[in-house]
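Here the structure comes first, spelled out in structure tokens, and everything after it is commentary.
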Amino acid sequence: MTDGNIFDNQEFFDRYRELRQNPDNANILIEKPALFSLAPDLKGKDVLDLGCGYGENCSEFMKLGAATVLGVDISEKMLAVAKTETEDIDYLRADMNDLSGIPGHYDVIFSSLAIHYIKHFDRLCDSIYTLLRAGGYFIFSQEHPLTTAPLMGVEWVKDVSGKRTHYLLSDYMKNTKRETVWFVEGVVKYHRNFSELINSLISSGFTIEGMLEPVVDQPTLERLPVYESDLHKPNFLLIRARK
């Protein structure tokens, strides 16, 4: 999913999996519920999951009644786990920057937290539009553009007690490559502002049906006050578009 496929870096892979196994991580508490809330009825549908990782979502799509599910990822390590831990799902190793080798057509195409690793979002939208049947859905999540914007990485202003009081936004209109440190150095992502995201979808022919910037609910916030900063800057952006 990245220029250098960071997910096959052993140190990154191990630390990422440790993070995802924490039941209180943001993916489980915030991103996944939001993603599935945007899903149409999957009964009898053919589903493609781009950047499928461990195949967790693929398995859930099958439970929701999908007729077929194809999971695609560039990481051999991720797919090895997916093939071991899930059943009745086909997997294909491929780079999301080039979907020309993806077989068939689909009713719903999902992508969970992979879009910000893709260099050319407009080309991806064109490819996904081609892979979808008429009336099909493209539903994806990505890091929020306010998160990816600062060239020097996320930075917060804190009070004397160490509590985050507000977010320092910079470089928002610079739609370029970002290189960050996340578990290891050299993690490559791509920042796109809202207008580039929306206009790329529209230019490909999509109708945008909904957007979410989810945060935890109040009971979770009371239990895990670390998520209070999300009220200043949400972590995720999700979009549902239709062909």
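Residue numbers run from 1 in the order of the sequence given. The analysis underlying the following values was restricted to heavy atoms, covering all of them including side chains, and did not include hydrogens, waters or symmetry mates.
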Just checking, is any N or O donor in the side chain of [X] or [Y] under 3.5 Å from an acceptor N or O on the other one?
{"X": "Ser75", "Y": "Asp73", "result": "no"}
{"X": "Glu31", "Y": "Ser141", "result": "yes"}
{"X": "Asn22", "Y": "Asp24", "result": "no"}

How would you list, by chain and number, every residue that makes a side chain to side chain contact (heavy atoms under 4.5 Å, CB included) with [X], sequence neighbours excluded?
{"X": "Glu87", "value": "none"}
{"X": "Asp126", "value": "Ser204"}
{"X": "Arg123", "value": "His120"}
{"X": "Thr165", "value": "Val157, Asp159"}

Problem set entry | Derivation and outcome, side chain to side chain contact (heavy atoms under 4.5 Å, CB included), residues Leu237 and Ile239 | CA-CA 7 Å; Leu237 171 68; Ile239 297 178; 4.2 Å; yes
Tell me if a side-chain donor or acceptor on [X] pairs with a main-chain N or O of [Y] at a distance below 3.5 Å.
{"X": "Asn193", "Y": "Glu196", "answer": "yes"}
{"X": "Arg178", "Y": "His191", "answer": "no"}
{"X": "Arg164", "Y": "Gly162", "answer": "no"}
{"X": "Thr86", "Y": "Ala82", "answer": "yes"}
{"X": "Arg93", "Y": "Ile74", "answer": "yes"}
{"X": "Lys243", "Y": "Leu132", "answer": "yes"}
{"X": "Arg242", "Y": "Tyr137", "answer": "no"}

Closest non-hydrogen atom pair between [X] and [Y], with its separation:
{"X": "Pro23", "Y": "Ile28", "value": "O-CG2, 3.7 Å"}
{"X": "Pro33", "Y": "Asn27", "value": "CD-O, 4.1 Å"}
{"X": "Leu168", "Y": "Pro150", "value": "O-CG, 4.0 Å"}
{"X": "Ala94", "Y": "Val72", "value": "CB-CG1, 3.7 Å"}
{"X": "Pro40", "Y": "Ile139", "value": "CD-CD1, 3.6 Å"}
{"X": "Ala34", "Y": "Leu212", "value": "O-CD1, 3.7 Å"}

Can you tell me how far apart [atom1] ([X]) and [atom2] ([Y]) are? Round to the nearest 0.5 Å.
{"X": "Asp230", "Y": "Asn235", "atom1": "CG", "atom2": "CG", "answer": "4.5 Å"}
{"X": "Tyr190", "Y": "Ile115", "atom1": "OH", "atom2": "CD1", "answer": "13.5 Å"}
{"X": "Lys158", "Y": "Ser161", "atom1": "NZ", "atom2": "OG", "answer": "10.0 Å"}
{"X": "Cys125", "Y": "Phe140", "atom1": "SG", "atom2": "CZ", "answer": "6.5 Å"}
{"X": "Asp88", "Y": "Cys58", "atom1": "CG", "atom2": "SG", "answer": "12.0 Å"}

Exercise. Got a sec, which pairs hit ring pair (Phe, Tyr, Trp, His ring centres under 6.0 Å) with one end in residues 215-243, sequence neighbours left out?
Worked result: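 Every candidate ring pair (Phe, Tyr, Trp, His ring centres under 6.0 Å) pair involving residues 215-243 fails, so no pair, neighbours aside, qualifies.
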For this session: Sequence neighbours left out, what pairs pass ring pair (Phe, Tyr, Trp, His ring centres under 6.0 Å) with at least one residue falling in residues 73-116?
Result: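 Listed once each, the pairs are Phe61-Phe110.
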For this session: Could you tell me whether Glu228 and Lys163 make a salt bridge, using a distance below 4.0 angstrom between a side-chain N and a carboxylate O?
Result: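 So Glu228 pairs with Lys163 through a salt bridge.
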Problem set entry | From CA spacing to verdict: side chain to side chain contact (heavy atoms under 4.5 Å, CB included), Thr147, Val154 | CA-CA 6 Å; Thr147 299; Val154 169; 3.9 Å; yes
Heavy-atom side-chain contact between [X] and [Y] under 4.5 Å:
{"X": "Glu60", "Y": "Glu56", "result": "no"}
{"X": "Lys177", "Y": "Val188", "result": "yes"}
{"X": "Leu231", "Y": "Leu221", "result": "yes"}
{"X": "Met211", "Y": "Leu238", "result": "no"}

Could you work out, with side-chain hydrogen bond (donor to acceptor under 3.5 Å, both in side chains) as the rule, every residue matching [X], not counting sequence neighbours?
{"X": "Glu213", "value": "His144"}
{"X": "Gln10", "value": "Asp14, Lys77"}
{"X": "Thr207", "value": "none"}
{"X": "Ser200", "value": "none"}

For this session: Begin with the C-alpha distance, continue with both residues' side-chain angles, and end with the deciding distance and a verdict on ring pair (Phe, Tyr, Trp, His ring centres under 6.0 Å) for Phe206 and Tyr129.
Result: CA-CA 8 Å; Phe206 284 104; Tyr129 193 87; 5.1 Å; yes
Exercise. Should Lys233 and Trp156 be marked as a side chain to side chain contact (heavy atoms under 4.5 Å, CB included) after you check the CA-CA gap, both sets of side-chain angles, and the distance that decides it?
Worked result: CA-CA 10 Å; Lys233 180 198 68 63; Trp156 291 87; 3.8 Å; yes
Problem set entry | Ile102 vs Leu70, side chain to side chain contact (heavy atoms under 4.5 Å, CB included): CA-CA, chis, key distance, verdict | CA-CA 9 Å; Ile102 305 298; Leu70 174 64; 4.2 Å; yes
Could you tabulate the donor-acceptor pairs under 3.5 Å formed by side-chain atoms of residues 45-52, not counting sequence neighbours?
| from | atom 1 | to | atom 2 | distance (Å) |
| --- | --- | --- | --- | --- |
| Asp46 | OD1 | Thr68 | OG1 | 2.6 |
| Asp46 | OD2 | Arg133 | NH1 | 2.9 |
| Asp46 | OD2 | Arg133 | NH2 | 3.1 |

Exercise. Who are the ring-ring contact (aromatic ring centres under 6.0 Å, His included) partners of Tyr54, not counting sequence neighbours?
Worked result: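 Applying ring-ring contact (aromatic ring centres under 6.0 Å, His included) to Tyr54 gives none.
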